[in-house]
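Since the structure comes first, as structure tokens, the remarks are kept for the end.
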2 protein chains.
Amino acid sequence: MNLDAKPDKTAYHHGNLIEALLEVAVSLIEEKGVEQLSVRELAKRANVSPGAPFRHFKNKTALLTAVAEQAMARLTIAIQNEIKNEGIEDPIETFHSLGRAYLNWALNNPTHFQIISSRNLIDFNSSKQLVEQNENIRIIMIRLINKAKEQGILNKKLDPNDLIFAARAFVYGVARMWVDRHFNEWNIKDDAQIAMQKALNLFISSIRN
Amino acid sequence: MNLDAKPDKTAYHHGNLIEALLEVAVSLIEEKGVEQLSVRELAKRANVSPGAPFRHFKNKTALLTAVAEQAMARLTIAIQNEIKNEGIEDPIETFHSLGRAYLNWALNNPTHFQIISSRNLIDFNSSKQLVEQNENIRIIMIRLINKAKEQGILNKKLDPNDLIFAARAFVYGVARMWVDRHFNEWNIKDDAQIAMQKALNLFISSIRN
DNA sequence: CCTATAATGTAATCACTGTTTACATTTATG
DNA sequence: CATAAATGTAAACAGTGATTACATTATAGG
């Protein structure tokens with residue numbers, strides 16, 4: 001991807017700085033971890049002065065929040081693509097697919113996942129986009145579980161609200177163990193993706209009637 | 001607790017700096033978040049010059065690792081106290097108690113939990129103590145699940161290894177949702193502790209035969 | 001087309017950070 | 001009791017997020 005738009009124009013105005021900063025931020029975080037990200041190095045890599053990013057983001061948190069918004073949008077798309085392909089017959093299968101999409105995305109985008117999960121690096125609640133998309137995912141889960149209950153295929157001992165929270169906590173835990181690099185410490189012998197899917201299967205199979 | 005040991009002696013040597021630093025670190029993190037912790041402010045609060053902490057910790061990471069070691073020791077004690085009180089009859093009940101102790105500890109010590117979970121702030125693998133105590137907890141889980149299997153009270157469809165990983169991911173997810181402040185966003189109506197226990201009950205009840 | 005103005009860049013500066021170094025003081029040891 | 005080890009200080013370094021005054025470019029209206 002070309003980070004320097006309009007490269008033939010004079011160099012004073014970058015022309016595409018916002019997007020360039022967001023991209024450079026992600027690759028820089030992937031290199032050195034989010035704790036080591038500095039706006040100044042970001043600016044240097046975008047061939048721009050140290051103060052320039054602050055024309056577009058009021059501070060570092062705002063910049064990372066913008067990265068999070070991009071990331072959350074991509075996660076939402078990944079999820080929607082996955083559950084659209086599923087038939088509408090078995091809501092628990094669709095619920096399973098939702099979890100699979102979430103975990104696969106976290107597996108393949110650990111940096112992005114870390115950023116959308118953190119509440120110290122970004123300003124989650126001030127971003128309408130983040131709040132809404134998070135809520136959308138929750139609503140999808142509620143709808144699927146309610147449908148499963150209506151169809152009588154949900155384990156009758158389970159309260160839907162409790163189940164949805166547990167399911168969220170479960171996939172969040174698996175994903176965070178991955179991005180937090182706890183897999184080694186936990187003596188996981190399987191390939192990471194397989195370990196994730198096995199765990200998910202275990203959880204899903206326990207909610208069916 | 002008295003952070004200034006031997007207060008009547010001359011002030012040049014603190015006398016108890018290491019422990020004082022660890023305590024001040026925790027309270028400072030609780031105030032401002034771990035991202036905002038600075039060694040210099042730490043030193044200031046301990047009435048010591050900015051360079052003094054580096055006589056005892058080779059860098060900031062080492063200092064936080066020491067905090068993590070203290071924290072992990074306390075978590076281990078909390079867990080052992082809880083499962084000792086349990087009878088030896090029902091290993092799944094003991095497994096449940098283990099999870100309860102873990103979650104209660106995370107609930108009441110979110111700062112400490114965050115520190116022992118992070119792999120960017122501390123140097124987990126270089127600490128024999130951290131690695132060993134983490135492993136100890138895992139071994140307890142394995143022992144309990146194996147015992148449950150022998151007694152025939154474990155759901156026969158479950159592979160013990162997969163179950164242990166899933167259980168860990170589950171409690172880790174619940175705890176991290178708490179320390180990462182995702183409870184609000186997830187529309188949890190219950191008191192946090194109750195929500196955690198309900199979720200744990202749900203998980204545990206699904207593993208029994 | 002030309003000019004006023006908004007947008008977007010720079011350079012210099014600020015207070016703060018982690019860390020190191022040379023030196024000072026206290027404690028412990030032989 | 002002298003000397004070495006431990007533990008403190010002060011000063012300095014490069015790097016940080018952020019702000020300010022100023023420079024340059026893009027743009028919109030007459």
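In what follows, chains are A, B, ... by sequence order, proteins preceding strands, each numbered from 1.
P50(A) comes within 4.0 angstrom of no nucleic acid atom, judged by non-hydrogen atoms across all strands. Looking at heavy-atom distances under 4.0 Å, I18(B) makes no contact with the nucleic acid at all.
Separating the NZ atom of K32(B) from the C1' atom of dT17(C) is a distance of 12 Å, rounded to the nearest angstrom. Rounded to a whole Å, the CG atom of L64(A) is 10 Å from the P atom of dA18(D). Q36(B) has its CD atom 15 Å from the C1' atom of dG18(C), to the nearest Å. A straight line from CG of L28(B) to C1' of dG18(C) spans 15 Å, rounded to a whole angstrom. What separates CG of N16(A) from P of dT8(C) is a distance of 12 Å, to the nearest Å. The distance between atom CG of L17(B) and atom P of dT27(C), rounded to the nearest whole Å, is 14 Å. Between the CG atom of L42(A) and the C1' atom of dG15(D) there is a distance of 15 Å, rounded to whole Å. Atom CZ in R45(A) sits roughly 15 Å away from atom P in dG15(D) (whole-Å rounding).
Atoms OG1 and CD1, on T61(A) and I122(A) in that order, are 9.5 Å from each other to the nearest 0.5 Å. Rounding to the nearest 0.5 angstrom, the gap separating the CG atom in N161(A) from the NZ atom in K198(B) is 8.0 Å. Atoms CD1 and CZ, on I204(B) and F95(B) in that order, are 5.5 Å from each other to the nearest 0.5 Å. One finds the CG atom of L158(A) at 6.5 Å from the OG atom of S205(B) (value rounded to the nearest 0.5 Å).
Between S38(A) and the phosphate of dT16(D), there is a side-chain N or O to OP1/OP2 separation shorter than 4.0 Å.
When the nucleotides dT13(C), dT19(C), dT10(C) are ranked by their closest atom to the side chain of R40(A), dT13(C) comes out on top.
For the segment residues 52-63 of chain B, residues with any heavy atom less than 4.0 angstrom from an atom of DNA chain D are, sorted by number, A52(B), R55(B), H56(B).
A donor and an acceptor atom, one from each side chain of N120(A) and Q36(B), are nowhere located under 3.5 Å apart. Side-chain contact check for R168(A) and Y172(A): no donor-acceptor pair (N or O, by modelled atom type) lies under 3.5 Å.
For G51(A) and K44(A), each mapped to the nucleotide of DNA chain D holding its nearest heavy atom, the one lying further toward the 5' end belongs to K44(A).
Side-chain atoms of S127(B) do not come within 3.5 Å of backbone N or O of F124(B) as any donor-acceptor pair.
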